[in-house]
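Quick notes on the structure that follows.
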Amino acid sequence: MGIKDTVTLANGVEMPRLGFGVWKVKDGEEAVNSVKWAIEAGYISIDTAAAYRNEEGVGQAIRESGKPRDELFITTKLWNADQGYASTLEAFETSLSKLGLDYVDLYLIHWPVAGKFKETWRAFEKLYQEKKVRAIGVCNFHEHHLKELMADAEIIPMVNQIELHPLLSQEPLRAFCKEHDIVVEAWSPLGSGQLLQNAELQKIADKYGKSVAQVILRWDLQHGIVTIPKSVHEDRIQQNADLYDFELHAEDMAAIDALNQNTRTGPDPDNFNF
């Protein structure tokens, strides 16, 4: 077990189980520094999106890190306004050029825009077949969105990145994804920071001499969930990667599972207006 640990996607591509997210990280110096710190701390997976407006900073950090491209796993996402067949292909080229890369490892549809995501997926399949992306997937898809997409997709999404943390454990959706060989990835694994003050989690963290964040991320890993914490603080970035010298006991895993309240910190994929 370690930061280079991977899960095998349906097409055989190895995806790191722990990644570094850059949502709300400002482009320029903040993005460059935090991504470089993450790479120095051992992260090989970096997760950005067109909507984060920091693809250029992420690309610069990748170049300045000196890390060989094939040792990194880079994810970006298509924004809602660009959904549709031709517009998706165009938006992908824009992301690629901002990142300064020849390909991305994982390309995701950011939200299930009604009436658009199937056409968008056809463009994703084309990008995949042309080897411009190593894997394709979706974000924020409920089970019914996945079923609708899969009804006439040639390729089943390899990843579903969803809001997932102890207050929103998404067990039914996780079971559905597992059945269809779709890897579940957690965004906002720390509940946008709201869980860091949770008394129950603090109690468990004290028992292991770890932080609440480390306990939550360890819970993700032990459930086989890919997780992508974000931080712009070097010490926190390192701490979030320090997850491999302890293991949560079954009763603590169960106690964390029991915290679920189906509470979201972000929008509901059935009801968003952007």
Side-chain angles (χ1 to χ4, degrees), residues 9 15 19-27 31 45-59 73-99 101 103-128 132-146 148-150 153 155-165 168 170 173 177 182-189 192 226-230 264-274:
L9 302 182
M15 177 179 182
F20 181 70
V22 295
W23 180 55
K24 285 190 172 167
V25 175
K26 289 194 273 302
D27 203 15
S45 169
I46 311 292
D47 177 279
T48 184
Y52 302 169
R53 300 178 185 278
N54 56 20
E55 288 171 314
E56 283 157 307
V58 168
F73 189 97
I74 310 299
T75 300
T76 193
K77 311 179 193 81
L78 174 81
W79 186 237
N80 303 349
D82 295 320
Q83 286 206 33
Y85 186 78
S87 46
T88 292
L89 297 175
E90 204 175 313
F92 174 76
E93 292 302 334
T94 302
S95 281
L96 212 52
S97 106
K98 284 184 173 174
L99 286 161
L101 299 176
Y103 67 95
V104 295
D105 296 277
L106 178 62
Y107 198 37
L108 301 172
I109 296 181
H110 212 148
W111 288 87
V113 176
K116 285 271 184 87
F117 65 72
K118 287 186 141 186
E119 197 189 337
T120 300
W121 190 249
R122 281 198 307 118
F124 269 56
E125 291 177 330
K126 178 178 161 69
L127 290 167
Y128 176 70
K132 291 185 172 175
V133 294
R134 294 177 65 225
I136 50 177
V138 295
C139 301
N140 303 304
F141 272 48
H142 285 322
E143 184 175 324
H144 71 90
H145 296 122
L146 288 168
E148 191 184 330
L149 184 65
M150 284 154 58
I155 301 167
I156 288 177
M158 296 156 195
V159 173
N160 187 14
Q161 185 185 117
I162 52 178
E163 182 180 350
L164 195 160
H165 44 73
L168 181 70
Q170 300 263 30
L173 182 52
C177 288
I182 300 169
V183 167
V184 170
E185 180 175 20
W187 65 257
S188 237
S192 298
V226 172
T227 189
I228 45 168
K230 71 144 289 222
R264 295 181 180 277
T265 64
D268 185 335
D270 274 335
N271 182 23
F272 62 94
N273 57 356
F274 43 81

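All values below were derived from every heavy atom in this structure, side-chain atoms included, with hydrogens, water molecules and symmetry-related copies excluded. None of the values given here were measured: they were computed from a predicted structure.
- Other residues, nucleotides and ligands contribute only 12 or fewer heavy atoms inside 6.0 Å of the CD atom of E90.
- With a 4.5 Å cut-off on side-chain heavy atoms, Q83 and E119 do not count as touching.
- N160 is not listed as a side-chain neighbour of Q170, based on a closest heavy-atom distance of 4.5 Å or more.
- For the atom pair CD (E185) and CE (M15), the distance works out to 3.5 Å, reported to the nearest 0.5 Å.
- Distance check: I162 CD1 to L168 CG gives 7.5 Å after rounding to the nearest 0.5 Å.
- Side-chain atoms of N140 never come within 3.5 Å of backbone atoms of P269 as a donor-acceptor pair (strictly under, hydrogens ignored).
- Between I109 and F141, some side-chain heavy-atom pair lies under the 4.5 Å cut-off.
- With contacts defined as side-chain heavy-atom distances shorter than 4.5 Å, the pair M150/P157 qualifies.
- With rounding to the nearest 0.5 Å, the separation of OG in S188 from CD in Q161 is 10.0 Å.
- At distances below 3.5 Å, not a single donor-acceptor pair connects side-chain atoms of E55 with backbone N or O atoms of K98.
- When all heavy atoms of W23 and S192 are compared, the closest pair comes out as CZ3-OG, 4.4 Å.
- A salt bridge links R134 with D105: the closest approach of a Lys/Arg side-chain nitrogen to an acidic carboxylate oxygen falls below 4.0 angstrom.
- Rounding to the nearest 0.5 angstrom, the gap separating the CD atom in E163 from the CG atom in D268 is 9.5 Å.
- For the atom pair CD1 (I74) and CG (L96), the distance works out to 11.5 Å, reported to the nearest 0.5 Å.
- Looking only at side-chain heavy atoms (C-beta outward), F117 and V138 stay at 4.5 Å or farther from each other.
- Within a 6.0 Å sphere centred on CZ of R264, other residues, nucleotides and ligands contribute more than 12 heavy atoms.
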Legend entry - side-chain contact (heavy atoms from CB on, under 4.5 Å) evaluation trace for I136 with L127: CA-CA 9 Å; I136 50 177; L127 290 167; 5.6 Å; no
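- Side chain to side chain, H144 and D270 meet the donor-acceptor criterion of an N or O pair below 3.5 Å.
- Annotation: side chain of L146 is in contact with side chain of C177 (closest heavy-atom distance under 4.5 Å).
- The closest donor-acceptor contact from the side chain of T120 to the backbone of K116 lies under 3.5 Å.
- Residues I228 and A186 share a closest heavy-atom pair of CG1-O, 3.2 Å.
- Checked against T48 for a side-chain hydrogen bond (donor to acceptor under 3.5 Å, both in side chains), the options T76, T75, N54 give a single hit: N54.
- The 12-atom threshold is not exceeded at NZ of K126, counting heavy atoms of other residues, nucleotides or ligands nearer than 6.0 Å.
- The shortest non-hydrogen separation linking H110 to W79 is ND1-CE3, 3.5 Å.
- Remark: F272 pairs with W111, F274 by the ring-ring contact (aromatic ring centres under 6.0 Å, His included) rule, at least two apart or across chains.
- Smallest separation of non-hydrogen atoms from G137 and L106: N-CD1, 4.2 Å.
- A side-chain contact (heavy atoms from CB on, under 4.5 Å) with D47 holds for exactly one of W187, F73, Y52, F20; it is Y52.
- The minimum heavy-atom distance linking G57 with A31 is given by the pair CA-CB, 4.1 Å.
- For the pair C139 and K77, the tightest heavy-atom approach, listed with the atom from each and the gap, is SG-CD, 3.6 Å.
- A distance-only check finds a donor-acceptor pair linking the side chain of W121 to the backbone of I155 [under 3.5 Å].
- The distance from the OG1 atom of T94 to the CG atom of L78 is 10.5 Å, given to the nearest 0.5 Å.
- Side chain of E125 to main chain of A153: no donor-acceptor pair is present (N/O by atom type, distance under 3.5 Å, no hydrogens or angles).
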